[in-house]
Every structure is written in C-alpha cells, then in structure tokens.
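Shown next, in structure tokens, is the structure this report addresses.
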Number of protein chains: 2
Amino acid sequence: MADTPGASEPSLDEQIAAYQREFQDLDPQVEKVVSALSRLNRRMNVAYGRQTAELGISNAEWEVLKALVLAGAPYRMGPGDLAKRLGLTPAAMTHRIDRMVAEGLVTRERDESNRVRVIVGITEEGRSKWLEAMRMATVFEEDLLQDLSGEERGRLGEMLTRLLRRVEDAQPDAGGRLSDLD
Amino acid sequence: MADTPGASEPSLDEQIAAYQREFQDLDPQVEKVVSALSRLNRRMNVAYGRQTAELGISNAEWEVLKALVLAGAPYRMGPGDLAKRLGLTPAAMTHRIDRMVAEGLVTRERDESNRVRVIVGITEEGRSKWLEAMRMATVFEEDLLQDLSGEERGRLGEMLTRLLRRVEDAQPDAGGRLSDLD
DNA sequence: CCTGAAGACTTCAACAGTAAAGTTCGAAGC
DNA sequence: GCTTCGAACTTTACTGTTGAAGTCTTCAGG
C-alpha cells in the first residue's frame, strides 16, 4: 500500500482510467474534456472564494454585487429580478439581501411609484468591494491563462462558446435554477 | 422596453460588454474564456441534475456512487475517505450516508478488525443506478461535443488540462473543501 | 366604489451543509 | 495492565436554501 496516502483526488488520467475500467464504452477524449472542465471550474471557485473572503464577503454576496454593477446605471434591481439572475428562489434572495443590508453592501427601499416593489441598490462600500474583487479576479484569471498564447486563447474561447451555444439551444430555460453566475 | 423580457441571463457577449463598460482594464479574450467555462459548467450540472432526477436520486447521491465505483473492487470506502474525496465535512457525509442507506443505495457496516471504522459499500441497486446515470451522461456529453472534430476535441482537452495543471500547482491542497467531483 | 385576480415580496417549516464538541475504540508508554 | 493520546465517526447547534403558504399592493370590471 504505497500509493494511497489519503483518499484525495486522483489525477485526471487515473480517473479516466478508472472510468474505462468500470464502464467500457466510454470515449476517453470526451471524458477528458468533460472532467477537466469540471475540475477546472471547481478550482476556480475555490480561488474566487479565497479572494472574496479576504475582502470579508462571501462568493454569494459577490454575485449580488456583480449583478448590480453589470446591470449598469443606476445600479438598481428588484429582488425578483436579482433572484432570476442569480438562479435562486425569491425567498433566498430576501434573506441574502437582509444580510447584505446589515453589512452595508446594498440598500433596500420601496418603489414609491409602485409600492409593492422593492428596489435594491449598491452602496459605495459595495461598489468598492466589487471593484477590489474584480482586480483580484482578473489577476488570477490572467495568471491562469498564462501558458496559452493569444492565438490559443482565441481558439479556446471560440470552442467553449460553441459548446455553450449547443447546451443553451438544447436547454433554453435560462431563467431556471441555474445556480451561480459568472 | 422591447429587450428586457425578464431579467434572465444576458448573452455572453452582452455580459462581456457590460464588464468592459464598468471595468476598463479587462482583457475581453480572457474574460470570454472564463465566463464561457463558468456558464458551460453550470449548464452541464443542470443537465446532470435532470438526468439523475429521472432515476430518483440527487446529484449528491450520484457523486457518492461514482466515488465508490471509481474506487474499484471491492467498492468500499470509509466515510472519512468519501468525505475527503467529495470535498465535504465528515458530518455531512454521515447524514448523506444515512439517507442513502435508507434508500437502499449503499450499505454501512462496522469494520470488525477495527471497530472504530465504518465501511460503506454499494448495493446492487446503487450500482445499477450509477450505470444508468453513466449511460445518460455519456450520451449527453457526446452530444455536447458533437460540433467539434476529433482533432478539436484533442486540442480542447489538452488546453484545459494545461490550465488545470496551472491551478493545481498554485493550489495544491486537493484534500481541501473543493465541492463536487467529476 | 368595491370586489376579485394577479403580481411581488416575505414568512415559515423542512432539509442539507459546516464547525465544534462528544463518543468510542485502538495503540503506545510507564 | 492502566492510562493517556489520537483517530474515526457521530451529535449538536447554527447557517443558508428551498417550496409552499401568507401578506400587501395594484389594476380591471361590475
């Protein structure tokens, strides 16, 4: 028993070998793409989580800030729209906004012209945390792609968007429960 | 207001334009790769979730079955090892195993040679659900990559593993809290 | 006006996860 | 061979999410 130091993650190639052992008609080339995608995403989320934690916010809170900023001026959205955008239920959005208001990241006010509506806006502090998170994220992302030439980056982006188009066509319910955003 | 049918997801290009509007020094090529990766992964998880739901299990349960099968004969692991492999806490593993035992997907027994240890094994039903899920997953994955030639698939896999290597080197704590597995 | 229906958010109960404390068994030292 | 330490799992208290029920506002008819 010299090669089971812990039950940590096997290497990608080991794992693909295990799949082939247990399930014969598997295309290793396909599996490699899919598994690498999945692992990569996982690692990236860990990295983002560490960065946002340094700012004293969670990834969940970062997502709300992102949605508000990307919505453009005047940087306001209703809880319902935010919920759709982030892929969570209105109930979860209510609670998340509660916390973020308490932390001073966003504001919540009633829409006076339509008093059933609520408007969530970003505070100065929220905006500056978003900005700081963006700075860290772009440094990380640039580092991540460092081994790829400009041409390779282009090809990679193009291939990924082709795949994305394919799933989106097959699964056009963008408003559904899609979990976190990019 | 003809172009805001809901607050659903903007297209990838719209989103990148929004990023550039709000954050000048952003490399759109990098952002495209990163955002496409993230979205693609999200969509894939939705697809897997639907498939496992058809089998009457959750993605979480599927992951446990995967880990057991990929471990190889005799398809048994301790809760602690499973927890490390899936990236969750031992406490969460205890609960998850509780549920899966109740549903007849796995077994839990004490290790008689070391009575502090517990051994989780897969049942016939668990194995057959895993197999069925694998069949559905490979059909989906093959379809996903359909627009890519064999050569493109190879290049894509190679580039992704290169990125993966880079994050793993920078973030070598594979045993940490990494969330779900592939 | 007043009523009824629909929309937007919130509240409530149940569930899955984490962190930390607790339990039980095995092993090493005195 | 008792005691103490450490390892492996479970329990407990708390957090965040979901689905369903509840509240409040608006609007369209009668």
Side-chain angles (χ1 to χ4, degrees), chain A residues 4-7 42 45-46 49 52-53 57-64 76-103 105-121 175-181, chain B residues 4-7 42 45-46 49 52-53 57-64 76-103 105-121 175-181:
Chain A
T4 319
R42 194 150 29 105
N45 285 336
V46 171
T52 53
I57 66 179
S58 69
N59 262 352
E61 292 170 330
W62 187 32
E63 284 170 9
V64 175
R76 294 156 159 274
M77 292 177 78
D81 291 342
L82 271 172
K84 274 197 212 101
R85 183 72 188 75
L86 302 199
L88 27 89
T89 60
M93 204 63 234
T94 294
H95 296 317
R96 206 180 271 193
I97 292 169
D98 287 346
R99 298 193 293 272
M100 293 181 73
V101 168
E103 293 171 293
L105 298 169
V106 300
T107 58
R108 168 156 46 190
E109 25 179 309
R110 293 216 92 83
D111 182 346
E112 283 311 323
S113 73
N114 192 344
R115 304 183 26 74
V116 102
R117 283 207 161 86
V118 167
I119 299 181
V120 178
R177 302 274 152 283
L178 292 187
S179 81
D180 52 27
L181 81 166
Chain B
T4 318
R42 195 150 28 107
N45 286 336
V46 171
T52 53
I57 65 179
S58 67
N59 262 353
E61 292 170 330
W62 186 31
E63 284 170 9
V64 174
R76 296 157 157 273
M77 293 176 77
D81 291 342
L82 272 172
K84 274 198 213 100
R85 184 71 186 77
L86 302 200
L88 27 89
T89 60
M93 205 62 235
T94 295
H95 296 316
R96 207 181 267 193
I97 293 168
D98 287 347
R99 297 191 294 272
M100 294 181 73
V101 168
E103 293 171 293
L105 298 169
V106 300
T107 59
R108 166 157 44 189
E109 25 180 308
R110 292 218 93 82
D111 182 345
E112 283 310 323
S113 73
N114 192 345
R115 304 184 29 74
V116 135
R117 282 206 161 86
V118 167
I119 299 180
V120 177
R177 302 276 149 282
L178 292 187
S179 80
D180 52 28
L181 81 165

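This structure is a prediction, so every number in the text was calculated from the model and none was measured. Labels below follow one simple rule: chain letters A, B, ... track the order of the sequence lines, proteins then strands, and each chain is numbered from 1.
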Can you name the salt bridge (charged side-chain N to carboxylate O under 4.0 Å, His left out) partners of [X], sequence neighbours left out?
X      : result
B:E109 : B:R76
A:R99  : none
A:R110 : none

- Item | Between CD on residue B:E61 and CD on residue B:E63, distance to nearest 0.5 Å |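 Reported to 0.5 Å precision, the distance equals 10.5 Å.
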- Query: Roughly how far apart are A:T52 OG1 and A:I57 CD1, rounded to 0.5 Å?
  - Reply: 5.5 Å
Figure out the [atom1]/[atom2] separation between [X] and [N], and round it to whole Å.
X     : N      : atom1 : atom2 : result
B:E61 : C:dG17 : CD    : C1'   : 15 Å
B:M77 : D:dA8  : CE    : C1'   : 14 Å
A:D98 : C:dT10 : CG    : P     : 7 Å
B:M93 : C:dA19 : CE    : P     : 16 Å
B:D81 : D:dA7  : CG    : P     : 14 Å
B:L86 : C:dG17 : CG    : P     : 10 Å

- Pairing residues for B:R108 by the side chain to side chain donor-acceptor pair (under 3.5 Å) criterion, not counting sequence neighbours: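 Applying side chain to side chain donor-acceptor pair (under 3.5 Å) to B:R108 gives B:D98.
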- Message: I'd like to check A:V120 versus A:P79 (side-chain heavy atoms, cut-off strictly below 4.5 Å). Are they in contact?
- Response: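 Yes - at least one pair of side-chain heavy atoms lies under 4.5 Å apart.
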Short N/O separations, protein against nucleotides 13-17 of chain D, under 3.5 angstrom:
| unit_1 | atom_1 | unit_2 | atom_2 | d |
| --- | --- | --- | --- | --- |
| D:dT17 | OP1 | A:R96 | NH2 | 2.7 |
| D:dT17 | OP2 | A:R99 | NH2 | 3.0 |

Do any N or O atoms of the protein come closer than 3.5 Å to N or O atoms of nucleotides 20-29 of chain D, and which pairs are they?
| unit_1 | atom_1 | unit_2 | atom_2 | d |
| --- | --- | --- | --- | --- |
| D:dT26 | OP1 | A:R115 | N | 3.0 |

- Message: Using the rule given for side chain to side chain contact (heavy atoms under 4.5 Å, CB included), can you reason through A:L86 versus A:R96, listing the C-alpha separation, both sets of side-chain angles and the distance that settles it, and then say yes or no?
- Response: CA-CA 11 Å; A:L86 302 199; A:R96 206 180 271 193; 3.5 Å; yes
